[in-house]
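As a basis for the values below, the full set of heavy atoms in this structure was taken, side chains included, without hydrogen atoms, waters or symmetry mates.
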Amino acid sequence: SFALGAFRHFKWDSASADIWARFVAFQEAMQSWHNSRYANSRLIFDEYHGVVQPLVWDTVFQYSGADLKFNLASTPHIEAHLQDPRFLLEKRRYLDDWALKRDIWESVARDLNEQREAFAATVARDPTMRSKALSKRGVFVRASEDFLGSFDKTIDSLKSLGDNIGQFLL
């Protein structure tokens, strides 16, 4: 087909490199490399412009305060990009903008916190969350309490991640 032939011969032009730099910066911003060459990779191919773009898909957020990781490659294509100083500079530009200028982590944490009561009300209406008791360290807790505890932990982790990346970039 035309699309398959075009895909085989597309050029990784500067527009495409910018898109990939933003994608890799997002992976680093979330400290998540859940997509790989084997699973969870989604690409959008614009056959008319010859550009392949990654699609953020099924990102896992499990930051626990561990050491930050940068320049990890989840695919061979990203590994090749990470060898290019221009690509690294573009990726750094995104991280600087998100961490030092806009603090996206604090913004997302604030938005989530504003929605906490709505999430709590939704969980409270869910019969599966009301009826189940979960054993956590030998203590039974309602599933809704466990969910809200995880929700709060996620908000705290986002703030911590943003602070740590901001300090790393300074």
Side-chain angles (χ1 to χ4, degrees), residues 10-46 49 51-120 122-123 136-137 141 144-170:
F10 77 93
K11 297 178 181 171
W12 297 96
D13 62 7
S14 60
S16 179
D18 176 68
I19 292 164
W20 281 92
R22 185 175 58 212
F23 177 75
V24 173
F26 176 77
Q27 288 180 313
E28 293 178 1
M30 297 308 295
Q31 292 290 289
S32 174
W33 292 265
H34 189 57
N35 63 312
S36 69
R37 68 181 116 191
Y38 307 108
N40 296 321
S41 288
R42 302 290 187 268
L43 300 173
I44 299 170
F45 175 55
D46 179 345
H49 295 100
V51 175
V52 174
Q53 299 179 30
L55 178 65
V56 173
W57 177 265
D58 196 22
T59 298
V60 175
F61 178 71
Q62 298 176 330
Y63 181 69
S64 63
D67 290 342
L68 297 172
K69 295 180 174 84
F70 294 95
N71 298 324
L72 296 180
S74 56
T75 66
H77 173 69
I78 292 172
E79 186 173 359
H81 269 310
L82 289 172
Q83 305 306 311
D84 181 352
R86 293 170 298 177
F87 179 83
L88 293 173
L89 186 62
E90 189 65 19
K91 177 180 65 87
R92 173 66 187 249
R93 188 180 64 81
Y94 280 110
L95 286 172
D96 284 350
D97 179 50
W98 297 340
L100 302 177
K101 293 179 184 165
R102 294 195 281 162
D103 193 2
I104 61 168
W105 298 270
E106 180 65 34
S107 176
V108 170
R110 186 174 45 255
D111 291 347
L112 284 173
N113 204 33
E114 289 173 3
Q115 295 299 317
R116 187 183 189 285
E117 294 307 315
F119 280 114
T122 299
V123 169
K136 192 170 192 174
R137 295 188 201 115
V141 296
S144 59
E145 294 166 1
D146 187 58
F147 173 82
L148 291 176
S150 296
F151 191 86
D152 293 338
K153 182 179 176 188
T154 297
I155 291 172
D156 292 342
S157 294
L158 275 168
K159 290 177 184 178
S160 173
L161 177 59
D163 291 344
N164 291 341
I165 289 180
Q167 287 299 315
F168 177 82
L169 295 173
L170 287 177

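Within the 6.0 Å centre-distance limit, the rings of F168 and F70 are counted as a close aromatic pair.
With rounding to the nearest 0.5 Å, the separation of CZ in R92 from CG in L89 is 9.0 Å. If you take CZ on F26 and OG on S32, they are separated by 7.5 Å, rounding to the nearest 0.5 Å. I104 contributes atom CD1, which lies 7.5 Å from atom CE of M30 (distance to the nearest 0.5 angstrom). With rounding to the nearest 0.5 Å, the separation of NE2 in H81 from CG in D84 is 8.0 Å. Rounding to the nearest 0.5 angstrom, the gap separating the CG atom in D111 from the CG atom in L158 is 10.5 Å. Within the model, atoms OG of S157 and CG of D152 stand 10.5 Å from one another, a figure rounded to the nearest 0.5 Å.
Atom CZ of R86 has 12 or fewer neighbouring heavy atoms from other residues, nucleotides or ligands inside a 6.0 Å radius. The local environment of CG in D67 is sparse, with at most 12 non-hydrogen atoms from other residues, nucleotides or ligands closer than 6.0 Å.
Residues A21 and E90 come closest through the heavy atom pair CB-CG, 3.7 Å. A99 and L169 make their closest contact through CB-CD1, 3.7 Å (heavy atoms, listed as atom of the first residue, atom of the second, distance).
With Q31 as the fixed residue, the side chain to side chain contact (heavy atoms under 4.5 Å, CB included) test singles out one of L72, N164, L68: L68.
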### Derivation and outcome, salt bridge (Lys or Arg N to Asp or Glu O under 4.0 Å), residues R93 and D18
CA-CA 10 Å; R93 188 180 64 81; D18 176 68; 3.7 Å; yes
### Task
Verify salt bridge (Lys or Arg N to Asp or Glu O under 4.0 Å) between D96 and K101, making sure each step is shown before the conclusion.
CA-CA 7 Å; D96 284 350; K101 293 179 184 165; over 6 Å; no
### Task
Let me see the working for I19 and R22 under side chain to side chain contact (heavy atoms under 4.5 Å, CB included), right down to the final yes or no.
CA-CA 5 Å; I19 292 164; R22 185 175 58 212; 4.3 Å; yes
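You'll find the side chain of Q27 reaches within 4.5 Å of the side chain of I78, heavy atoms only. Residues N71 and E28 have side chains in contact (heavy-atom distance under 4.5 Å, counting atoms from C-beta outward). In this structure the side chain of Q83 never reaches within 4.5 angstrom of the side chain of L88, judged on heavy atoms.
Using cut-offs of 30° and 60° for the angle between ring planes, the W98 and Y94 rings count as tilted.
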